[in-house]
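Okay, structure first, notes after.
Naming: A, B, ... by sequence-line order, numbering from 1 per chain. Values reported hereafter were calculated over all heavy atoms of this structure, with side chains retained and with hydrogens, waters and symmetry mates removed.
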Amino acid sequence: MDNAAIADVFDEMAELLEFRGENPFRIRAYTNGAKAIRELDESVAAILADPSRDLSKTPGIGKTLAEKSAVLVETGSLPQLIQLRAEIPEVTIQMARIPGLGAKKAVKLQQELGLESLGDLRKACQEDQIAKLKGFGAKTQAAILDGLSIAEAAAERIYWSSADDLARHIGEHMATCQAISKMEWAGSYRRGRETVGDLDLLVVADDHAAAMDHLECYAAYAQTIGRGDTKISIRVGKSFQVDMRVVEVDQFGAALQYFTGSQAHNIHTRRLAKEQGLKINEYGVFKIDDDSKVAGATEEDVYASIRLPWIAPELREDRREFELAAKNTLPVLIEVGDVIGDLHMHTNATDGTATIREMADAAIARGLKYIAITDHSKRVSMAMGLDEIRLREQWKQIDEIRPEYEGRLMILKGIECDILEKGGMDLADECLAEADWVLASVHYGQKQPRDQITERILGAIENPHVTCIAHPTGRLINRRPPYDVDMDAVMAAAKKHGKFMELNANPARLDLNDLHLAAAKRAEIPIVISTDAHSIDGLDVMQYGIKQARRGGLTKADVANTRPWPMR
DNA sequence: GCCGTTTTCGGCCCGACTGTTTTCAGTCG
């Protein structure tokens, strides 16, 4: 059982323990343990197998979770989890996902009414049974009915890029509000998470009500979920939630810090404050003994009050940022302008829409110094993938075009060559040997067992003509899981053979993810951020890759295509 | 369940909003 699976078990334990009304700190311990294992540098199995190591020395993992991890590695399952699953009815878990219903209310509803499905719950609402229960009322019943439709609308986290579009629209609308003097987005959107569950807007306004009224006038406004003196939550479109907080200007930094999160980062921040005799909330930093305020206007002040430098939002996940901040060794994160090359794009020779010249001109317009044309190889027949003959024709074309771009743009002869299902590359070695840049990717046989698909990718890495592994896990966010690949082995091989690994910047891929990127950085494997553009506009997704790279803690030096070709 | 240059027990971030309560629990972030 790998780390991700163990972490999932602990997360599920935490979720289920809540329904038992367990001590919240015990529940948090499971969540923390899951996080610790998910972000571990090396596999739990390897640590357990080494008698000189002790898993329970890992922060967040104590004796109990270490033992449970051992059981999971050994047997692949955990008796306590099986017991909990049997104990908590599925419908109770489903009910708790309805906005406004939590574990406690869900348990009570299920037990008192003997519900077996969400359909039963709807029926109970319609028959006015819920309003009669102690602790429930007419409003709760109406909210449940409402929430049921929202849950059925399958509200899932949206891509960061979609959240970015929405934030820009709402931002433009809010900018026309006279009452608002300052405005900033917070939350997971500001942290650049690959998906965003809701948007958090922070504003300074002399008239709170006017600012809230203005938000309720947004074009796609659907409904107000809650509204108080300082906070309003609305739904836009089908089911997406937008929260807005109104604060005073001298609280702005503390509020921004607080609403940016993550929750784990905030808990850590506040614990550090407490240790120094301070209390942090969204209004500022206060001395515990006399309640006097010591900071709050800017985030820099807030962090400075606990003797830390400002921490970039992308790093605020309580991973290593506090350790680095304390040593004043936080990375200077890569910026969009640092990238000068794009080494993954398609043309109309296969499934792209633009010609080589059109892609080249668009690249120049975006400030790039070099690009690689990397169309598909023949195995991708649906995309009319290139065989050796057509590929060499394309390269001949590139030779002919190159002089036109002399001194402006280097056009590299590349290929995105498939790694075949049975192993081996889709094109002959002597052909690949003529390329400037060879991406190797898996498109078929994605569901192969771990050993098999790992072997395929390792084989590609060992091929002397392959320069980079493209979209190394194949995942499509919210749509397709990653290959079951042993990423530790892939990285070790990439390191050994001096190969690059791609961060595919397509907002649906973002592959490698942030944790892989951090691991690659530690292993000193050079990352290449590429757009995988299939059109001129496709080149614009580079910004999403940069966001992801920042979350992985990557600097300009960690990313190869910030350097002039040949990037060494 | 985790953790410890004051502790192996007693803490564990902090507050807004809602609904159903007469003072607060549940939910959310």
Does [X] put a side-chain nitrogen or oxygen below 4.0 Å from OP1 or OP2 of [N]?
X       : N       : answer
K231(A) : dC17(B) : no
R270(A) : dC13(B) : no
T140(A) : dT20(B) : yes
K274(A) : dG11(B) : no
R271(A) : dC3(B)  : no
T64(A)  : dC2(B)  : yes

Heavy atoms under 4.0 Å, any strand shown: does [X] hit a base, just sugar-phosphate, or nothing?
X       : answer
F25(A)  : base
P59(A)  : sugar-phosphate
A103(A) : sugar-phosphate

Do we see a donor-acceptor contact under 3.5 Å between the side chains of [X] and [Y]?
X       : Y       : answer
W160(A) : E194(A) : no
Q241(A) : R235(A) : no
D164(A) : Y189(A) : yes
D318(A) : H265(A) : no

With the threshold set at under 4.0 Å for non-hydrogen atoms, list the residues of residues 276-304 of chain A touching DNA chain B in residue-number order. K279(A), I280(A), N281(A), E282(A), Y283(A)

What residues 181-212 of chain A contributes to the DNA chain B interface at heavy-atom separation below 4.0 Å is D198(A)

Measure from NZ or CZ of K68(A) to the centre of the six-membered ring of F10(A), then state whether that distance is under 6.0 Å and the direction lies within 45° of the axis. no

When you match Y258(A) and R28(A) each to their closest nucleotide on DNA chain B, which lands nearer the 5' end? R28(A)

Pairing check on dT8(B): which nucleotide meets the Watson-Crick or G-U wobble criteria with it, both distances under 3.5 Å? none

Step by step, work out the side chain to side chain contact (heavy atoms under 4.5 Å, CB included) result for R245(A) and D200(A). CA-CA 8 Å; R245(A) 275 294 273 260; D200(A) 302 290; over 6 Å; no

By side chain to side chain contact (heavy atoms under 4.5 Å, CB included), A295(A) pairs with (sequence neighbours left out) V285(A), D301(A), S305(A)

Heavy-atom donor-acceptor pair, N23(A) side-chain to dG1(B) base, under 3.5 Å: yes

